[in-house]
Amino acid sequence: MASAYDIIVIGSGPGGYVTAIRAAQLGFKTAVIERSYLGGICLNWGCIPTKALLRSAEIYHYFQHAKDYGLSADNVGFDAKAIVERSRGVSRQLNTGVGFLLKKNKVDVIWGEATLDAPGSVTVSAAPDAPRNDAPKGALGSGTYKAQHIIIATGARPRVLPGLEPDRKLVWTYFEAMVPPAIPKSLLVVGSGAIGIEFASFYRTMGAEVTVVEVLPQILPVEDAEIAELARKRFEKQGIRVLTGTKVTKLDKGADSVTATLETPKGNETVTVERVISAVGVVGNIENLGLEKLGVKTDRGIIVTDGLGRTNVPGLYAIGDVAGPPMLAHKAEHEGTLTVEAIKGLPVHALDKAKIPGCTYCNPQIASVGLTEAKAKEAGYDIRVGRFPFIGNGKAIALGEPEGLVKTIFDRKTGRLLGAHLIGAEVTELIQGFVIALNLETTEEELMHTVFPHPTLSETIHESVLDAYGRAIHI
Ligand SMILES: Cc1cc2nc3c(=O)[nH]c(=O)nc-3n(C[C@H](O)[C@H](O)[C@H](O)COP(=O)(O)OP(=O)(O)OC[C@H]3O[C@@H](n4cnc5c(N)ncnc54)[C@H](O)[C@@H]3O)c2cc1C
């Protein structure tokens with residue numbers, strides 16, 4: 001029997017569950033369909049469990065440097081199993097929390113795999129054998145469900161490159177890398193985007209010999225070149241081998257090792273490692289949804305939308321990773337919120353991708369928003385650039401974190417903030433100051449007249465802005 005909703009959301013990742021809750025807040029009768037885990041990749045296999053792993057690594061790192069702080073910590077060690085268990089526990093806690101929030105907001109959960117039959121109609125059947133949680137208590141089951149509006153939030157999965165096919169044992173994706181039975185002695189990370197670099201940082205801190213291979217000339221390819229270069233130097237100082245402009249052409253698997261052939265700018269070489277992590281990007285989950293039947297427009301693995309989640313088929317929307325980059329949880333959440341608010345008829349602006357921050361939680365952290373220096377120049381701006389190193393910041397020195405940089409980019413003509421690029425301790429928290437500034441279309445004057453608390457790392461924001469106008473105090 002068909003049940004009727006105002007809105008059905010397919011997928012309960014950060015895009016899907018936030019969208020469903022916002023829809024319910026707006027008075028829509030709402031259901032969310034999920035086949036695997038409430039909270040999607042982000043809470044179960046992405047953002048959150050990686051941060052839990054990285055937190056263990058960070059504390060381990062501090063223990064190893066206890067002497068620098070006048071402390072002693074002998075026999076510092078770790079239990080890989082316990083680290084993974086803690087990370088899984090954090091995911092479980094949040095996964096349960098999503099179930100609670102959906103219930104609190106009277107959003108129905110339908111458990112199973114969704115396929116679109118026709119506009120406004122979805123069939124849900126028992127999910128295939130993907131790893132998954134049990135259905136939450138009270139969830140509805142297989143059947144046909146109707147809704148006036150259907151929002152696809154099915155997320156993404158690891159991209160697989162020919163020759164680099166993951167096998168779960170020797171060649172990992174983020175799924176296996178998240179739950180290692182032990183820390184491998186040596187590791188090859190293919191791809192230096194945020195996912196690859198976070199795993200490289202985690203495993204290196206835990207003692208693995210790590211090689212990172214990137215086909216492009218720069219690691220962290222979406223970041224400002226100057227920040228990426230500083231990151232590279234820090235990683236190399238930590239003992240990570242970084243090879244840019246390098247391609248993995250072949251993997252030869254042994255019983256418990258892999259020999260990779262690398263095409264480097266200096267010629268071919270081979271490297272033998274215990275495990276390989278393939279982190280060459282993600283692709284949208286657009287298959288088996290019935291999109292072709294409905295004539296939904298897709299482009300290279302993502303659903304094409306108009307900035308308010310609308311596809312080319314009336315009543316059908318897509319948000320989050322499946323609707324294209326930047327493939328980030330906060331983008332998914334925001335896009336979903338805009339979509340249901342637009343359905344409600346509220347006055348909303350289309351998603352502005354230029355104002356979405358990106359963070360990488362490696363050591364040192366990296367965060368950015370807006371245009372890089374190269375992109376600002378490419379766009380024809382005459383720019384002013386401010387730079388402030390952490391060594392000029394009292395709090396950074398007190399924390400024992402004097403290495404870092406805040407770089408700000410302004411339009412010389414109007415004083416408009418165009419972009420901010422940060423590397424160093426806690427910059428993933430600092431970046432939000434710039435995000436707010438960008439959203440409020442702040443000028444250099446307003447930022448210079450803002451009072452920053454002392455002593456905080458946030459003073460580096462102020463100083464970087466001052467530096468763009470030749471007024472920095474502490475350098
Ligand atoms: C290792 C890693 C680390 C990351 N770290 C960060 C980070 O620090 N910050 C950040 O912003 N982003 C991070 N990301 C990216 C982030 O996880 C994604 O951008 C985010 O999860 C996208 O949300 P979503 O709702 O679009 O999709 P997802 O979270 O992928 O959720 C989609 C859901 O849809 C379900 N689904 C799919 N098809 C169907 C179907 N047919 N029927 C029913 N259910 C279906 C899936 O089971 C899944 O639960 C990370 C990703 C990875 C892999």
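Read the numbers this way: they start at 1 and go in the same order the structure lists the ligands and their atoms.
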Visitor: For G320, counting its heavy atoms only, list the atoms of ligand 1 lying under 4.0 Å from any of them.
Guide: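 So the atoms of ligand 1 that pass are 26 (O).
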Visitor: Taking 4.0 Å as the limit for heavy-atom contacts, which would you say applies to A156 with ligand 1: side chain only, backbone only, both, or neither?
Guide: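 It is the backbone that gets close, since no side chain atom is under 4.0 Å.
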Visitor: Heavy atoms only, cut-off 4.0 Å: how does A153 contact ligand 1, side chain, backbone, both, or neither?
Guide: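 Under 4.0 Å from ligand 1, A153 contributes backbone atoms alone.
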Visitor: Suppose we measure from atom 14 (N) of ligand 1 to each protein heavy atom; which comes out shortest, and what is that distance?
Guide: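 In this structure, atom 14 (N) of ligand 1 has C47 SG, 3.7 Å as its nearest protein heavy atom.
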Visitor: Any side-chain donor paired with an acceptor under 3.5 Å for T173 and E176?
Guide: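 A donor-acceptor contact under 3.5 Å links the two side chains.
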Visitor: Would G39 count as a polar contact of ligand 1, with the cut-off being nitrogen or oxygen pairs under 3.5 Å?
Guide: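 There is no such contact.
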Visitor: Pick whichever of Y17, W111, Y174 has a heavy atom sitting closest to atom 53 (C) of ligand 1.
Guide: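 Result: the heavy atom closest to atom 53 (C) of ligand 1 is in Y174.
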Visitor: Counting only nitrogen or oxygen atoms and a 3.5 angstrom limit, does W45 reach ligand 1?
Guide: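 Checking ligand 1 against W45, no N or O pair falls under 3.5 Å apart.
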Visitor: Within the 4.0 Å heavy-atom shell around E113, which atoms of ligand 1 are there?
Guide: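 With E113 as reference, the close atoms of ligand 1 come out as 41 (N), 42 (N).
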Visitor: As an exercise, identify every atom of ligand 1 less than 4.0 angstrom from a heavy atom of G40.
Guide: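 Under 4.0 Å from G40, ligand 1 has these atoms: 29 (O), 31 (O), 48 (C), 49 (O).
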Visitor: We want to know whether R232 and T244 form a side-chain donor-acceptor pair, criterion being a heavy-atom distance below 3.5 angstrom.
Guide: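 Side-chain D/A pair, R232 to T244: present.
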Visitor: Measuring from atom 26 (O) of ligand 1, which candidate in L328, D321, I319, T50 has the nearest non-hydrogen atom?
Guide: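 Heavy atom nearest to atom 26 (O) of ligand 1 belongs to D321.
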Visitor: So, applying side-chain contact (heavy atoms from CB on, under 4.5 Å) with T298, which one of L291, L289, V322 is it?
Guide: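 Of the listed options, the one satisfying the test is L291.
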Visitor: Counting non-hydrogen protein atoms only, what is the nearest one to atom 49 (O) of ligand 1? Give residue, atom name and distance.
Guide: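 Looking only at protein heavy atoms, the one closest to atom 49 (O) of ligand 1 is E34 OE1, 2.7 Å.
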Visitor: So do the side chains of T50 and Y361 get within less than 4.5 Å of each other, counting heavy atoms only?
Guide: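 No - every pair of side-chain heavy atoms lies 4.5 Å or more apart.
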Visitor: Parallel, tilted or perpendicular, judged at 30° and 60°: which one describes the rings of Y60 and F78?
Guide: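 Perpendicular, since the angle between the ring planes exceeds 60°.
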Visitor: Can you sort out which atoms of ligand 1 are near G11, meaning under 4.0 Å from one of its heavy atoms?
Guide: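 The atoms of ligand 1 under 4.0 Å from a heavy atom of G11 are 33 (C), 34 (O), 35 (C).
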Visitor: Run down the list P357, A332, P14, A318 and name the one with the heavy atom closest to atom 20 (C) of ligand 1.
Guide: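 It is P14 that holds the nearest heavy atom.
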Visitor: Answer side chain, backbone, both or neither: which part of I10 comes under 4.0 Å from ligand 1, heavy atoms only.
Guide: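 Looking at I10 and ligand 1, just side chain atoms fall under 4.0 Å.
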Visitor: Ion pair present between K237 and E403, side-chain N to carboxylate O less than 4.0 angstrom?
Guide: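 A salt bridge links K237 with E403.
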Visitor: Any heavy atom of Y361 closer to ligand 1 than 4.0 angstrom?
Guide: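 A heavy atom of Y361 does come that close to ligand 1.
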Visitor: If you count the atoms of ligand 1 from 1 in the order shown, which ones are under 4.0 Å from a heavy atom of A114?
Guide: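 So the atoms of ligand 1 that pass are 40 (C), 41 (N), 42 (N), 43 (C).
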Visitor: Do E198 and ligand 1 have an N or O pair less than 3.5 Å apart?
Guide: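 Between E198 and ligand 1 (N or O atoms, distance only) the closest approach is not under 3.5 Å.
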Visitor: Ignoring hydrogens, what is the shortest heavy-atom contact between S368 and E223? Give both atom names and the distance.
Guide: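 That closest heavy-atom pairing would be OG-OE1, 2.7 Å.
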Visitor: Consider only side-chain N and O atoms of T272 and S257, and report whether a donor and an acceptor are under 3.5 Å apart.
Guide: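 No - no donor-acceptor pair under 3.5 Å links their side chains.
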Visitor: May I have the step-by-step check of side chain to side chain contact (heavy atoms under 4.5 Å, CB included) for E287 and R157, ending in yes or no?
Guide: CA-CA 11 Å; E287 297 80 6; R157 62 180 184 281; 3.0 Å; yes
Visitor: Using a strict cut-off of 4.0 Å, indicate which atoms of ligand 1 neighbour a heavy atom of M327.
Guide: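 By the 4.0 Å cutoff, the relevant atoms are 15 (C), 19 (O).
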Visitor: Ligand 1 and C42, any nitrogen or oxygen pair closer than 3.5 angstrom?
Guide: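 N/O-N/O distance below 3.5 Å exists for this pair.
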Visitor: Is the closest N or O pair between C359 and ligand 1 shorter than 3.5 Å?
Guide: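 C359 vs ligand 1: no N/O contact under 3.5 Å.
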Visitor: With a 3.5 Å distance limit and no angle check, can you tell me whether E34 reaches the backbone of S12 through a side-chain donor-acceptor pair?
Guide: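 Yes, the answer is positive, given that a donor and an acceptor are paired below the 3.5 Å cut-off.
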Visitor: Check each atom of ligand 1 against the heavy atoms of I33 and keep those under 4.0 Å away; list them by number with element.
Guide: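 Selected atoms, number and element: 43 (C), 44 (N).
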Visitor: Using distance alone, decide if ligand 1 has a nitrogen or oxygen within less than 3.5 Å of any nitrogen or oxygen in G15.
Guide: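 Checking ligand 1 against G15, an N or O pair does fall under 3.5 Å apart.
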Visitor: I want to know whether H61 and H65 have ring centres closer than 6.0 Å.
Guide: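 Centroid distance H61-H65: below 6.0 Å, so yes.
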Visitor: Which atom pair, heavy atoms only, marks the closest approach of A20 to V32?
Guide: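 Scanning both residues, the minimum pair turns out to be CB-CB, 4.3 Å.
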Visitor: In terms of relative ring orientation, are H149 and F28 parallel, tilted or perpendicular, with 30° and 60° separating the classes?
Guide: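 Ring orientation of H149 relative to F28: perpendicular.
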Visitor: Can you tell me if G112 has a non-hydrogen atom under 4.0 Å from ligand 1?
Guide: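 Yes, G112 has heavy atoms under 4.0 Å from ligand 1.
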Visitor: For residues T408 and F434, determine if any side-chain heavy atom of one lies less than 4.5 Å from a side-chain heavy atom of the other.
Guide: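 Yes, close enough: below the 4.5 Å cut-off.
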Visitor: State, with a plain yes or no, whether a side-chain heavy atom of C362 is found less than 4.5 Å away from one of F235.
Guide: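 They are in side-chain contact.
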Visitor: For ligand 1, does L289 get within less than 4.0 Å through its side chain, its backbone, both, or neither, judged by non-hydrogen atoms?
Guide: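 The answer is the side chain.
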Visitor: Which residue supplies the protein heavy atom nearest to atom 37 (C) of ligand 1, what is that atom called, and how far is it?
Guide: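 Closest protein heavy atom to atom 37 (C) of ligand 1: T154 O, 3.3 Å.
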Visitor: Suppose I only count heavy atoms of G155 and a 4.0 Å limit; which atoms of ligand 1 are within that range?
Guide: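 Counting atoms of ligand 1 from 1, those under 4.0 Å from G155 are 26 (O), 27 (O), 28 (P), 30 (O), 32 (C).
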Visitor: Does an N or O anywhere in M178 fall below 3.5 Å from an N or O of ligand 1?
Guide: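 No; the residue has no nitrogen or oxygen that sits under 3.5 Å from a nitrogen or oxygen of the ligand.
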Visitor: Among side-chain atoms of Y5 and D108, is any donor-acceptor pair under 3.5 angstrom?
Guide: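 Y5 vs D108: donor-acceptor pair found between side chains.
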Visitor: Residue-level breakdown please: for I41 versus ligand 1, do any non-hydrogen atoms fall below 4.0 Å on the side chain, on the backbone, on both, or on neither?
Guide: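 Near ligand 1, I41 shows its backbone as well as its side chain.
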Visitor: Under 4.0 Å, heavy-atom basis, I'd like to know which part of K51 is in contact with ligand 1: side chain, backbone, both or neither.
Guide: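 The part of K51 near ligand 1 is the side chain, not the backbone.
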Visitor: Measuring only between side-chain heavy atoms, which start at C-beta, is V304 closer than 4.5 Å to D299?
Guide: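 Yes; the side chains approach each other to less than 4.5 Å.
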